[in-house]
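Taking it in order: structure first as structure tokens, then the write-up.
Computed over heavy atoms, backbone and side chain alike; hydrogens, waters and symmetry mates excluded. Letters A, B, ... are given to chains in the order of the sequence lines, protein chains preceding strands, and every chain is numbered from 1.
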2 protein chains.
Amino acid sequence: MSETRWLDPLETRAWRGLMCAHARLVAQLDAELLASSGISLPDYEVLVHLSEADSQRLRMSELALRLEISPSGLTRRLDGLVASGMVERVQCPEDRRGTFAVLTELGAERLEAAAPAHVAQVRRWFVDRLTRDQLCALADAMASIIAGSGACSSSEVRAS
Amino acid sequence: MSETRWLDPLETRAWRGLMCAHARLVAQLDAELLASSGISLPDYEVLVHLSEADSQRLRMSELALRLEISPSGLTRRLDGLVASGMVERVQCPEDRRGTFAVLTELGAERLEAAAPAHVAQVRRWFVDRLTRDQLCALADAMASIIAGSGACSSSEVRAS
DNA sequence: GAAACTTGCTTGTATATGCAACTATATCAC
DNA sequence: GTGATATAGTTGCATATACAAGCAAGTTTC
């Protein structure tokens, strides 16, 4: 075992900065989204993915991959969204084990109502703090990390 | 209310990329750390912060700020670390409401044992995927975001 | 210096989220 | 086709984490 190569100051700054910035952004955006539209950030992300999908529906397994959460986590998250009428479960006709999560009319409306304020907050706390070059460098850097990490749900980052 | 200015492709790529890369990194590193040393990533972070502090101790409130978690979350996290003997609680003599979390001998040993493998994994999944320029751009970008967001526990990012 | 307020931490409670086990269906091997 | 295996999703259980309320010790106000 060779001598450990510790992180130098720049590496540390980048690593801790990433963790800290993420925590701040998520806390801020979740709180604001909940206050402005009564939808949590995780729920919002479900709605966004469904709204972008063909026929506004995705298989549970595919949705879990895109959201980076466990299947069981998604089951429970969907329970909540179904209870509030924003999503429906529809059995997949080709594979009767499978279930589609389908965005409802109400879900689409709630999303449409929530989105402008949320996007404005993403701008405020994230996009507007960075130059165009920084955004580009950041996007490339994140793509490298994602490409290096396990099974990349292909559509995760390239989409829209 | 003006027309919503949606995120353009680059902005979206940066934003989603950040969320996705973070999720991947945390999942990967937590699993590996737990497997290699039986310490969870959140616990490891507590140990790191204490090890870097003067006299290997920090007030609960300060530690919670640095870790970006709630006071109650820290109380419970510390309960676990105290139970496993890696941290002690010591009443603050100047302010008897206050408590110091103090790294124990055992905690320092466990941290020292865990650190090399963990740092190697941070290199593997994060540092090594980026060029020096990317690391620098990332560190600066994250610093801008953190500076823009609420009360920055001053030491969070500049330290080490 | 006592009442009102603030601060530091913990505890009650609610919600979230993952792993492992389970059920149901599909696919493969022969 | 029947048994073995694999896959999709859900559920039991354990753990995590936050908010709000509570308690104890400082601080301020008068």
Among [options], the one nearest [X] by side-chain distance:
X: Pro71(B); options: dA16(D), dT10(C), dG9(D); value: dT10(C)
X: Arg96(B); options: dA16(C), dC9(C), dA25(D); value: dA25(D)
X: Arg97(A); options: dG18(C), dG8(C), dA24(C); value: dA24(C)
X: Arg77(B); options: dC9(C), dT17(D), dA8(D); value: dT17(D)

Separation of [X] atom [atom1] from [N] atom [atom2], in whole Å?
X: Gln91(A); N: dT23(C); atom1: CD; atom2: C1'; answer: 14 Å
X: Leu65(B); N: dC9(C); atom1: CG; atom2: P; answer: 10 Å
X: Met60(A); N: dG18(C); atom1: CE; atom2: P; answer: 13 Å
X: Glu88(B); N: dC9(C); atom1: CD; atom2: C1'; answer: 18 Å
X: Glu62(A); N: dT7(D); atom1: CD; atom2: P; answer: 16 Å
X: Glu68(A); N: dT17(C); atom1: CD; atom2: P; answer: 14 Å
X: Glu94(A); N: dA26(C); atom1: CD; atom2: P; answer: 11 Å
X: Arg59(A); N: dA26(C); atom1: CZ; atom2: P; answer: 10 Å

Practice item. State whether Ser61(B) places a side-chain N or O below 4.0 Å from either non-bridging phosphate oxygen (OP1 or OP2) of dT7(C). Key: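 Indeed not, no polar side-chain atom of Ser61(B) lies that close.
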
Practice item. Look at all strands and tell whether Thr75(A) reaches a base, only sugar-phosphate, or nothing, counting heavy atoms closer than 4.0 Å. Key: base

Exercise for review: With heavy atoms under 4.0 Å as the rule, sort Leu74(B) into base, sugar-phosphate or nothing.
Suggested key: nothing

Exercise for review: Please examine the side chains of Leu111(A) and Met86(A), heavy atoms only from C-beta on, and report whether any two atoms are closer than 4.5 Å.
Suggested key: no

Check your understanding: Do the side chains of Glu52(B) and Arg66(B) get nearer than 4.5 Å, heavy atoms only?
Key -> no

Study note, to complete from the structure: Comparing nearest nucleotides in DNA chain C, the 5'-proximal residue of the pair Pro93(A), Arg76(A) is Arg76(A)

Check your understanding: Mapping Asp95(A) and Gly73(A) to their closest nucleotides on DNA chain C, which lands nearer the 5' end?
Key -> Gly73(A)

Practice item. Answer yes if the side chains of Gln121(B) and Trp125(B) hold a donor-acceptor pair under 3.5 Å, and no otherwise. Key: yes

Exercise for review: Could you tell me whether the side chain of Ser72(A) has a donor or acceptor atom within less than 3.5 Å of a complementary atom in the base of dC19(C)?
Suggested key: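 Such a pair is found, so the answer is yes.
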
**Study point:** Polar side-chain contact Arg89(B)-dG8(C) base: donor and acceptor under 3.5 Å
**Key:** no

Review point. Of the non-hydrogen atoms in Arg59(B) and Gly98(B), which two are nearest, and what is the gap between them?
Key: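 Looks like NH2-CA, 3.3 Å.
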
Check your understanding: Taking everything shown except Glu109(A) itself, do over 12 heavy atoms lie less than 6.0 Å from its CD?
Key ->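 Buried by this count: over 12 neighbours within 6.0 Å.
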
